[in-house]
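Below: one structure, written as structure tokens.
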Amino acid sequence: MTSRRDFLRTAAGAIASAAAVRSQAPAAHVEVMIGEPIGTIAPEIYGHFIEHLGGVIYDGVWVGENSPVANEGGIRRALVDALKAIHAPVVRWPGGCFADSYDWRDGIGPRGSRPARTNFWGGSEPNSFGTQEFLRFCDLSGAKPYFAADLRSLPARDFYQWVEFCNSPAGSTEGAARRAAQGHPQPYDVHYWGVGNESWGCGGNFEPEDYASEFRRFTAWVPQYGHPLAFVASGPNDWEVDWTRRLMRSMHEKRLTDSIFGLSLHYYTWNVSGGRTHDWEKGKGDALDFSPFEWYELLARGNDMEQIIRNHWAVMSETDPEHHVKLIVDEWGAWYKPGTEIGPKYILSQGITLRDALLSGLTLDIFQRNAEKVAMANAAQLVNCLHSLMLASGDKFVLTPNYYVFQMYAPHMGAQSVRAEFAAPGLTYDRNGRPASLWGLNGSASVAGKQLTLTAVNPSIDQAIETEIVVRGGSVISGNGSVLTNTNIHAHNDFQHSDAIRPEQVSVAVRDGRVVHRFAPTSVTALYLTLG
Ligand code: AHR
């Protein structure tokens with residue numbers, strides 16, 4: 001039996017039953033309660049993640065200053081432009097598992113004299129892309145940086161000196177002088193600092209109590225230069241509440257709860273075996289070639305994110321009843337078996353289809369419905385990797401269906417999430433001889449001034465859902481919308497077909513302050529409604 005932990009330790013690394021899917025009469029009702037706010041939607045839940053892994057950094061983000069590929073000081077220009085267009089709020093770097101073997105000093109100074117090292121994921125790490133290249137990338141894209149510090153293989157001193165390098169005032173320290181020597185005398189004011197990554201696994205195989213002691217050592221007396229830092233503690237893997245409970249208890253006993261901004265949570269959607277196996281290798285399906293059963297099973301397992309968030313949140317309240325500590329879902333997305341990589345050196349890259357777009361939509365809706373709990377989330381990973389928004393190779397660059405969902409959902413960023421009740425006939429599908437169910441329509445709603453944004457996913461392969469949308473405490477006067485769908489559930493963009501799937505505008509019918517809308521099968525929809 002292989003687990004993700006085993007897989008990562010070695011750094012190596014369906015049931016395709018034709019399911020009969022039935023849905024009931026298509027008639028649904030959505031009620032948006034303007035007067036029932038859930039919380040402000042942190043723009044950071046639309047965050048991204050890049051790691052020194054396969055083709056993510058080298059070729060994905062970094063092409064080099066002398067590349068024929070259009071670039072800004074070595075950074076792929078098309079990627080920057082695409083990120084700017086969706087108002088990317090934050091990017092996590094340099095890992096992932098890579099982070100806990102990374103010495104930040106290897107990635108500063110003149111590029112020609114940086115040392116090559118062994119990369120966690122295999123091969124050689126040239127260190128051409130380091131701290132200042134990453135910060136330049138963030139600056140160009142308009143995103144805030146979120147660092148993941150090495151807790152497994154470096155002492156605490158290296159951590160606070162990394163903070164010093166990034167944030168100390170001009171002229172005040174040796175770090176500031178080295179920063180200035182690379183052309184940036186002013187501090188970067190990096191706010192988000194992850195203290196280790198997956199410390200239960202590739203980040204050191206710690207017990208939670210031992211990790212809590214390390215966290216204290218790493219974060220005590222880190223210089224803040226007048227701008228409080230947001231420390232993210234290494235939290236649980238998917239359903240593992242034991243880590244959450246023991247870590248939170250230990251942090252509480254050490255009086256550290258108030259010094260934690262967030263607890264990271266990692267959840268990948270990977271098992272499409274329908275419960276036949278929990279083996280990390282055997283449970284995964286193909287990214288591009290999947291059955292209707294695997295379509296539903298992947299979305300149902302993605303939908304587990306909501307219960308996972310609730311479980312951890314409930315456990316966190318045992319020692320942090322005021323919920324000072326928020327959840328940071330800094331790795332999420334679909335993870336398929338190998339076979340659809342861009343090429344041999346692009347490990348963990350995979351094809352991205354309409355199915356992944358629905359997973360993105362339903363996941364972002366979950367974060368929004370839990371806006372008071374989730375302070376940041378980072379899709380894993382931005383380019384040439386698992387749940388990517390873009391694919392790039394040399395001069396080829398393409399936006400995936402995931403990208404379009406982030407674009408369509410962008411108006412939610414910073415808005416007030418409000419309760420929205422979706423009443424729609426549920427779906428049932430055959431799960432290895434047993435009936436399994438999934439909601440027929442679900443989504444989230446937010447309000448910013450007179451603008452109501454309602455996003456929804458219809459997972460049915462064959463049924464549109466005629467839906468009435470009522471706004472309690474408000475009245476809709478006009479609206480428009482955007483839908484991402486296709487008659488082919490396997491639809492995807494690749495370098496040969498960059499426009500095989502993209503969103504289309506939809507008109508919105510408003511009657512007496514209400515909306516009647518037909519949600520297409522296999523779709524992600526965003527409705528932008530103006531309130532009177
Ligand atoms: O995103 C790929 C890997 O998955 C990350 O490096 C690690 O943190 C996680 O297990």
Side-chain angles (χ1 to χ4, degrees), residues 2-13 47-58 60-61 91-102 118-123 125 134 146-153 192-206 211 232-240 243 262-271 280-281 283-284 287 302 305 308 328-338 340-342 345-350 352 356 359-360 363 376-391 402:
T2 315
S3 66
R4 183 155 67 93
R5 200 174 300 213
D6 297 334
F7 166 80
L8 293 167
R9 194 170 289 141
T10 57
H48 305 285
F49 169 35
I50 55 172
E51 177 169 11
H52 292 246
L53 187 178
V56 177
I57 299 290
Y58 300 110
V61 179
V91 184
R92 178 177 184 241
W93 172 85
C97 293
F98 176 85
D100 276 292
S101 57
Y102 180 62
T118 306
N119 186 301
F120 172 90
W121 293 100
E125 167 56 48
F134 171 62
Y146 167 27
F147 283 78
D150 180 348
L151 177 120
R152 188 195 66 211
S153 65
Y192 298 112
W193 293 87
V195 185
N197 167 73
E198 297 194 348
S199 301
W200 41 262
C202 64
N205 291 317
F206 285 97
Y211 171 74
V232 178
S234 180
N237 187 32
D238 54 46
W239 298 93
E240 293 173 11
W243 176 275
L263 193 64
S264 72
L265 162 65
H266 290 182
Y267 177 56
Y268 286 100
T269 307
W270 60 276
N271 193 338
W280 173 249
E281 304 295 347
K284 294 205 225 83
M305 175 72 90
I308 290 171
I328 308 290
V329 190
D330 56 18
E331 292 188 28
W332 68 269
W335 193 325
Y336 301 109
K337 67 184 181 187
T340 63
E341 294 88 344
I342 297 169
K345 77 169 182 142
Y346 301 77
I347 58 163
L348 299 195
S349 67
Q350 58 190 26
I352 308 290
D356 299 297
L359 178 67
S360 292
T363 303
M376 191 199 295
N378 308 75
Q381 301 186 12
L382 178 67
V383 56
N384 291 349
C385 198
L386 299 169
H387 198 74
S388 293
L389 280 74
M390 302 123 181
L391 302 175
N402 286 336

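Counting starts at 1 for both ligands and their atoms, in listed order. Every heavy atom of this structure was used, including side-chain atoms; hydrogens, water molecules and symmetry mates were not.
Proximity of Trp332 to ligand 1, defined as any heavy-atom pair under 4.0 Å, is not found for any part of the residue. Neither the backbone nor the side chain of Phe98 comes within 4.0 Å of ligand 1, counting heavy atoms alone. Neither the backbone nor the side chain of Phe120 has a heavy atom within less than 4.0 Å of ligand 1.
Annotation: side chain to side chain contact (heavy atoms under 4.5 Å, CB included) contacts of Thr340 (sequence neighbours excluded): Asp286, Ala287, Leu288, Gln350. With sequence neighbours left out, Ser349 forms a side chain to side chain contact (heavy atoms under 4.5 Å, CB included) with Glu341, Ile342, Tyr346.
Under a 4.0 Å criterion applied to the non-hydrogen atoms of Gly96, ligand 1 contributes the atoms 5 (C), 6 (O), 8 (O). With ligand atoms numbered from 1 in the order given, ligand 1 contributes 3 (C), 6 (O) to contacts under 4.0 Å with heavy atoms of Trp121. Counting the atoms of ligand 1 from 1 in the order shown, those under 4.0 Å from a heavy atom of Trp335 are 4 (O). Every atom of ligand 1 with a heavy atom of Glu198 under 4.0 Å away is listed here by number and element: 7 (C), 8 (O), 9 (C), 10 (O).
When the options Gln381, Glu51, His52 are evaluated for a side-chain hydrogen bond (donor to acceptor under 3.5 Å, both in side chains) with Trp93, the one that passes is His52.
Under 3.5 Å, the side chains of Trp335 and His387 contain no donor-acceptor pair of N or O atoms.
Inclusion of Asn197 in the set of residues having an N or O under 3.5 Å from an N or O of ligand 1 is warranted.
Arg152 places no side-chain N or O within 3.5 Å of a backbone atom of Gly203 that could act as its donor or acceptor partner.
Across Glu331, Gln381, Arg92, heavy-atom proximity to atom 4 (O) of ligand 1 is greatest for Glu331.
In this structure, Leu263 and Val232 have side chains that are not in contact, with every pair of non-hydrogen atoms separated by 4.5 Å or more.
Closest non-hydrogen pair, Phe49 versus Ala380, comes out as CD2-CB, 3.7 Å.
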